[in-house]
Amino acid sequence: MSTFLFSAARQPLFNSFVVLSFFLLARVVPLVAGQTRPNYHITPATKWLNDPQRPFFLGGEWHLNYLYNSNWDKSNPGAGGTEWYHATSVDMVQWTPRDVAIKKYQPNPSSGAILGDVETGSAVVDTTNSAGFGQDAVVAVLTQMQDGIQQQSLFYSNDAGYTYTAFDGNPVMPNPDPSAQAAFRDPKIFRDDEAGHWVAALAEGTKIGFYKSTDLKTWAFMSAFSPIDSGVDLGTLECPDLYQMDLDGNSASRTWILAVGGNGYLRGMATGTAYWAGTWDGTHFTATGSSPRWMDEGPDFYATVSWENPQDKFGSRYAIAWMNSWDYANTLPYYGDFEGQLSLVREVKYQTINGTPTLVSMPIAGYETRFTRPVSVSNKTITTDPATASLPVDLPGGAYVIRAAVSKADGDDGNKVYFRIKSNGNYNTTIGYDFANSQVFFARGSDGSASDILVSGAKQSWDAVRTAANPAGGNTVKLAIYVDYNSVETFVNDEGVASLSGLIFPNQGAEGIDVEADVGKLTLTSFTYASFAA
Ligand SMILES: *[C@@H]1O[C@H](CO)[C@@H](O)[C@H](O)[C@H]1NC(C)=O
Ligand SMILES: *[C@@H]1O[C@H](CO)[C@@H](O)[C@H](O)[C@H]1NC(C)=O
């Protein structure tokens, strides 16, 4: 599994151009037999998308890049390699597609040495001109891979991230052991204000390596964090992220968090974003406990990046992830000629939930203004017959949000509630809640297209029911279920104490929405459906 993850992730992933934002797309891309393209998620106009790159704010707008491969082909998913595609936004909800910002296959400008595809890394705004490319130059350090050898290259931009120049000293972090083709990738750079230098976290197989630099060009190794030394095997680690957050908004409880992309199959999890709280002494990260927790327990929340909320540096962050998994990324029945989407942008906080410090998250408030025509009901009985609660959803579309509160009230003898979405009577995706075990779950094993065509390990991984504990427990649960043509993201309670994100490939036109109990009855305290206004 981890070998698969390793090799798949290291395939030449994938030249490039036009990627349109979802708003634009919904209007201009001709769609065959009904819409299938997500309405409020970032997708490429054509071809392949994977890892998001941490956004930065400059020139009055947010700049997001993602890995893009214009050579991708359904019948040959390994063709070509990736590069950085650039999109901008003022609100992080509506994104304007720009162009490829960092092109693949750029050689060293002096020696001509071939350095390969452009993969994951991170960009910083160099406000102090520490690298000498100018004040407010955007400096990106990212993995280039050629012949399977991963090294870090530097590209800089003097036009706020629209175009970049390759540094003539590339690679700035040569692979220390190319004969072993060691994993050496995904540099995530941040400014360590206390130490007065830059720090890069790199994914190095089962370890995360930490490096320091004063000029972003010369890097020195400091330490490694190795969860496998304490028995935690998450396969090949990717996309590290190290940052500080104030627990419950209290600066006296400021805590370092290290997050990584990992494979949780040995722990009953899918691939996802694992994290540890701990300490950073300027050189080493020490986790508070060995067991990682997960930012999202759904199957498709990977390669996550997070970034500061400029209004609340340590109190809240934003995050976005690639919604996919290497378990099936190359075999999914992609609709049309594009493959992949990013998650919604979330706001993340660090809160004590039932005694346990937890990263909680909810989609950013900006999405709310985009949902219209709400219909609501309250105090309905839910039974095993969907006709009982008869949801007033007579205009279901492909993109909407459901907000529901369900109670196991006095006299209620049901144990589980099932929200069936994208249903046509034979196929559906289920988001449910189990009161006995205080667990939310996500079942897409009969979603339609994907569940019907995937085989073997990919199918097993796709069909697995994913669960997340609701640490708040209790007899009432609130679910916010964000549904788009191609995905579902579920958040528990007002704070998002747990979340489950996953892709779905429903059959075209399968838009039914029902609610049922497993046995007996439960109470639908409140229910609101609102569709997304493109
Ligand atoms: C729902 O039921 C509760 C408890 O019986 C009651 O307090 C509340 O007013 C009801 N809400 C509506 C909208 O009828
Ligand atoms: C939804 O799918 C499940 C299988 O996951 C099936 O048992 C159930 O009958 C389906 N319900 C509807 C309303 O389609």
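Quick note: residue numbers are just sequence positions, from 1. Order of listing sets the numbers, starting from 1, for every ligand and every atom in it.
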Practice item. Do me a favour and list the nearest non-hydrogen protein atom to atom 7 (O) of ligand 2 with residue, atom name and distance? Key: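 I find the closest protein heavy atom is R420 NH2, 4.6 Å.
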Check your understanding: Does the gap between the ring centers of F371 and Y529 come in under 6.0 Å?
Key ->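 No; Y529 has its ring centre 6.0 Å or more from that of F371.
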[X] side-chain N/O to [Y] backbone N/O, donor-acceptor pair under 3.5 Å:
{"X": "D413", "Y": "K521", "result": "yes"}
{"X": "W84", "Y": "E119", "result": "yes"}
{"X": "D412", "Y": "G414", "result": "no"}

Exercise for review: Specify whether the nearest protein heavy atom to atom 14 (O) of ligand 2 is under 4.0 angstrom away.
Suggested key: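 So far as the 4.0 Å threshold goes, atom 14 (O) of ligand 2 is in reach of a protein heavy atom.
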**Study point:** G425: numbered ligand 2 atoms lying under 4.0 Å from its heavy atoms
**Key:**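 Reading through ligand 2 atom by atom, the close ones are 14 (O).
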Point to revise | Proximal ligand 2 atoms for S446, defined as those under 4.0 Å from one of its heavy atoms | key: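 Those atoms are 2 (O), 4 (C), 5 (O).
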Practice item. Examine N428 against ligand 2 and note whether any of their N/O atoms are separated by less than 3.5 Å. Key: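 So ligand 2 has an N or O lying under 3.5 Å from an N or O of N428.
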**Study point:** Crowding at CD, E368 (>12 non-hydrogen neighbours, <6.0 Å)
**Key:**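 Counting other residues, nucleotides and ligands, CD of E368 exceeds 12 neighbours.
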